[in-house]
Each structure stands twice: as C-alpha cells, then as structure tokens.
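As structure tokens, the structure follows; a few thoughts come after it.
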Amino acid sequence: TERKRAEEEILRSAARTESLLRIAARLNAELDLQAVLNAVCEETARALNVPAAVVSLYDEKSDLLSIRADSGLPREYREQHVPVSRANYEEFTRALGAVNTIPDAQAVPALPNAALCVALGIRTIAGASMILHKEELVGALSIYTLKEVRHFTADELALLKGLADQAAQAISNAQLYEAEGRRTLRLMKILQLSIDMAILHDEGALLNTLVTRAATIAESPACTVLLIDEGTNEAVLIAQSGLPEGTPPQLRIPLTLPIIRRSIESGEPIIITHIDRDAPQMRRVLVKPEITSFFAYPMMREKQTIGFITLSSLAPHTPSDSEITAYRLLADRAAAALENTRLLEKTERHLKQVQSLHTIDAAITASVDLRLTFKILLDETIAQLSVDAAAVLTLNPHAQTLDYVSGSGFRTTSIERSHLRLGQGIAGRAALERRRISSAELSETDESLHTSLLKDENFAASYAVPLIAKGQIKGVLE
C-alpha cells in the first residue's frame, strides 16, 4: 500500500542518515590523511554491505588518479592497478555520470584495468566522484562486488554519493592539515639550518652544510650555490650537491638569458614547472639533464642579487606559495651567513697580517743578524700570502745588480745564483720601476730569462715587490 511504501522510504532515509552521521563522526575525529582514507573505505563497505571499497585520489602534479586506500581487495589489486589520467576519468564520468555503475566489469574489456578485474573476480563496480566546492576534483570513491553481479538501488547510489561528498571534505581537511604540518616542519628545518650556518666560520663547511641539507629539506636531486661575477657577467658555481661527477668546481654560467636577467634585476625567483615546455632555453645552462623542474632563489644583500640557490625536481612540480616563501627565506639567510663568514675570514686575515708585521718589525728592531731577519720575513711572507716560495735580492749600488741573499721554499738552488741588472727580469723591473710586477707583465726577452731561472720550480706565477727605505731602493722581495 501507499502507506507501507512511505514507511519503507522513511526507514531507508533514516538508515541512510544514520550511516552518514556515524561516518561523519568518525571522519571528523581524524586528521591523519591515511587514517581518514582507511576509515572511508571501511565505513563505505559496511554501510553498503559490499565486500570491497576503494579510494582513489587525484594528484595534480602527475594528473593521475591513483589508489590510496582499499578495504576487502587482495594486495595484488593495489600493486598492479594502473593509475587513470584525469582526462580518461572525466570522459568516463561524462558518459556514465558522476555516480555510475558498471553492472559486470568482466563484460567490459575496454574498461581500465579490465584484465585485473577478471583475474581477481571483480564483478559489479559502482563509483562516485569526490568533488569539493562543485569543481575541485579530490578523487573517486568506488565499491566492488566479488564473484557475483549485484544491482545497486537508487537509494544505495544516493548513499554512495553522500559518502563521497563527506569523504571529499574530510580528505581535504586532512590534506590541508598534512600540508600545514609539512610547511611547519620545512620552516623549522630551514630555521635550524640558518642557526647552524650562523655559527660556522669556515666558508667551505658553511657551503657544504647548506647544499647538502637544503637538498634534503626540498627533496631535490641537486642543490647548487652560484655567486655572480659582475666583471664577466657570469654566475660561478661555488658549492653543489647532486651534480654529475666531473662537473667543474668553478663552473661559469653566462647570465645572458632574459629569464635569468629578469630574476637578477627584480629579485624574484625563477620558477620553471616544466623546463622543456616552459623554458627550453634553460637547457643550455643546466648540467643535470634528467631534471624536469628548476627553481632558482636569489641571494640578496642590500637589495642587490649576489647569487642564487638552485633546487630542482625530476617530475613536474609547481611549488606552493609557502614553499617559495620558505626557500626565499633560506636564500636570504644563506647570503647573510656567507657575508658574515667572509667578513670574519677577512678580519682574521687582517689580524694575522698585523701580527705578522709586528713579528717582522720586532725581528728588525731586536736583531742585527740579517740572516735571522730575512728568515722571519720570508717565513711570514709565505704563511700570510699563501705562496710556495719567497726570496730576497739586495741591490749592489756599484754594479747596479740585484743579488740573491736569502730564500725559502725553493726546490732547487737556481735562484741562489741570481745576479740581475736593474730592469732585467721580474725583480729587475720591480726595482727599476719601483712598483709591484707580476710574471704576466714580462716581455718575451724577460720571460725567457725568468723561465730559465725558475724552470725546475714549476711555479704558475710569481711577483716581485721593491724594498724601499728613505726613498732608496734596497732590494726586491720576490
């Protein structure tokens, strides 16, 4: 009768409402994403009295829907299931509807993963899209029967749709919570790295710490630090992690590409989601061919770009606003730490040089033994200037020659026989012109003489500085 049908409808509606309320209470109590997904599968299978339920989530990076949780299916299904592209999924839902049923999966050979359905005895499949705010695809909620076909009623499909809507909101909340957790953890790691860099006083240790830990924090296959050489309009590689073996340690990269120039001038990061699609010209300056996405964050000091920290991804990736903010903060902290370290090293070098000059001055004042004075002078010169050898030649005013009197660091005795006329060789020119001379300034004649003199030493370069007292040339320090 009509009254009985109405009573049955009321009972069905009450049961559906009870199921939705019970499931909502469980989902609202969870913020862990995997726990939410497992709960959705378990409660959906229970509410609709089916042996299996599956949740597939849409991943924007890969543009695929992949299984993230299931209940009641063999492990092989999840392991062997091939993800479905969003385009194929939307084509499927346009044909069958947002809530759809496949009466017998084994009778549809064109169905994605059809062979797997046959192998595991999957028969009827019903599914509903999980949509947020009427347009944002979260994923799909599906139920399965095994070994037998089943007809799902309109009420059952309506319940499946209600469960999918609930799941979409719960999953979105859990994803937001998870993303916030990742953001907080990432920021904490960057702040700790900033603190650790601030207490490092060695530039090499600072840079190695930076690239190694930044690559780990960003899950990047490579991380580099490049500093800008304004004189050559190039970026110089000073630290790296993950680049191919054999990459030159002082690799120089031209800064001529417009995308790089814009970043230098504006201070905005370079964000390339897909290099070959969005900026194929960048391949000319990248040394790791397998990366797909590339990001360069300017290192700024006093509103000037002094370099970049670069990160990358093997798969297409568009960093969130919070990621970009975090890595810009890291670049700023790294620039400040590097500047402070270099300033400290410069101050320490200056202090050592002052101490060295004091040591030399004390030796000159306290000793009349020139051999001792020259030994202290040469030892301090080699130590403070980080050179391999040094020698003192004194001027013979009568013969107008420079004669060797003391040396340190030489492997041969060739220089001990030096007798140079003023203007001859690197030392002779330094004395005659009363200025510092480098081996790069020698003429062909002088170069021949200089090479002959030091041919067994294998020096890459040499310099000579005149020794002047009361306006008179007394010799040369080479």
Side-chain angles (χ1 to χ4, degrees), residues 203 229 231-232 250 342 345-478:
E203 182 175 324
D229 183 342
T232 61
Q250 292 289 318
R342 290 186 164 183
E345 290 179 349
K346 182 179 179 180
T347 302
E348 289 177 343
R349 283 196 304 271
H350 180 69
L351 178 59
K352 288 179 180 179
Q353 289 167 1
V354 170
Q355 291 173 337
S356 177
L357 290 174
H358 176 72
T359 300
I360 294 170
D361 185 58
I364 293 172
T365 304
S367 176
V368 294
D369 184 348
L370 279 180
R371 288 177 299 176
L372 177 59
T373 300
F374 286 151
K375 181 180 185 308
I376 293 173
L377 170 65
L378 294 173
D379 288 347
E380 292 294 333
T381 298
I382 291 172
Q384 297 305 317
L385 299 181
S386 299
V387 295
D388 295 300
V392 174
L393 292 82
T394 58
L395 176 66
N396 183 329
H398 302 294
Q400 291 291 289
T401 59
L402 291 168
D403 303 326
Y404 170 88
V405 292
S406 185
S408 178
F410 294 94
R411 294 184 299 171
T412 70
T413 59
S414 298
I415 196 169
E416 295 178 12
R417 298 187 294 276
S418 295
H419 299 284
L420 301 174
R421 296 189 304 274
L422 290 182
Q424 182 184 35
I426 185 173
R429 282 191 57 187
L432 182 65
E433 299 178 20
R434 293 176 171 245
R435 67 180 181 91
R436 188 190 71 181
I437 297 288
S438 72
S439 54
E441 300 179 55
L442 294 179
S443 64
E444 290 186 7
T445 302
D446 286 339
E447 176 65 25
S448 175
L449 176 64
H450 186 261
T451 301
S452 174
L453 185 63
L454 303 178
K455 63 181 179 180
D456 296 327
E457 299 293 343
N458 294 323
F459 291 146
S462 59
Y463 303 85
V465 181
L467 302 175
I468 302 174
K470 297 181 180 180
Q472 299 296 313
I473 293 291
K474 299 298 181 181
V476 172
L477 174 63
E478 183 175 3

Discussion item. Could you check whether any side-chain heavy atom of Ile426 comes within less than 4.5 Å of a side-chain heavy atom of Val476, counting everything from C-beta outward?
Written reply: no
Worksheet item: Quick check: are there more than 12 heavy atoms from other residues, nucleotides or ligands sitting under 6.0 Å from CZ of Arg421?
Response: no
Discussion item. Restricting to non-hydrogen atoms, name the atom on Gln400 and the atom on Leu422 that form the minimum distance, rounded to 0.1 Å.
Written reply: OE1-CD1, 3.0 Å
Worksheet entry | Atom of Ser406, atom of Leu378 and distance for their closest heavy-atom approach | OG-CD1, 3.4 Å
Practice prompt. Determine the minimum heavy-atom distance between Gly475 and Leu402, stating which atoms define it.
Written response: CA-CD2, 4.2 Å
Discussion item. Run the side chain to side chain donor-acceptor pair (under 3.5 Å) test against Glu203 and tell me which residues pass, sequence neighbours left out.
Written reply: Arg342
Item to complete: Measure across Pro397 and Leu395 and return the closest heavy-atom pair with its distance rounded to 0.1 Å.
Response: CD-O, 3.2 Å
Worksheet, complete the sentence: Here the pair of heavy atoms bringing Ala469 nearest to Lys474 is CB-CG, 4.0 Å
Item to complete: Under the side-chain contact (heavy atoms from CB on, under 4.5 Å) rule, what do Arg436 and Val465 come out as? Steps first, then yes or no, please.
Response: CA-CA 5 Å; Arg436 188 190 71 181; Val465 181; 3.9 Å; yes
Discussion item. Using the side chain to side chain donor-acceptor pair (under 3.5 Å) criterion, which residues pair with Asn396? Sequence neighbours excluded.
Written reply: none
Response to the item:
So CD1 of Ile473 and CD of Glu433: to nearest 0.5 Å the spacing works out to 11.0 Å
Worksheet entry | Rounded distance (nearest 0.5 Å) linking atom CG of Leu432 with atom CG of Leu420 | 12.5 Å
Worksheet entry | Minimum-distance pair of heavy atoms, taken over all atoms of Thr381 and Leu377 | OG1-O, 2.7 Å
For residues 384-394, run the donor-acceptor check on the side chains, cut-off 3.5 Å, and write out each pair with its distance to 0.1 Å, sequence neighbours left out.
none

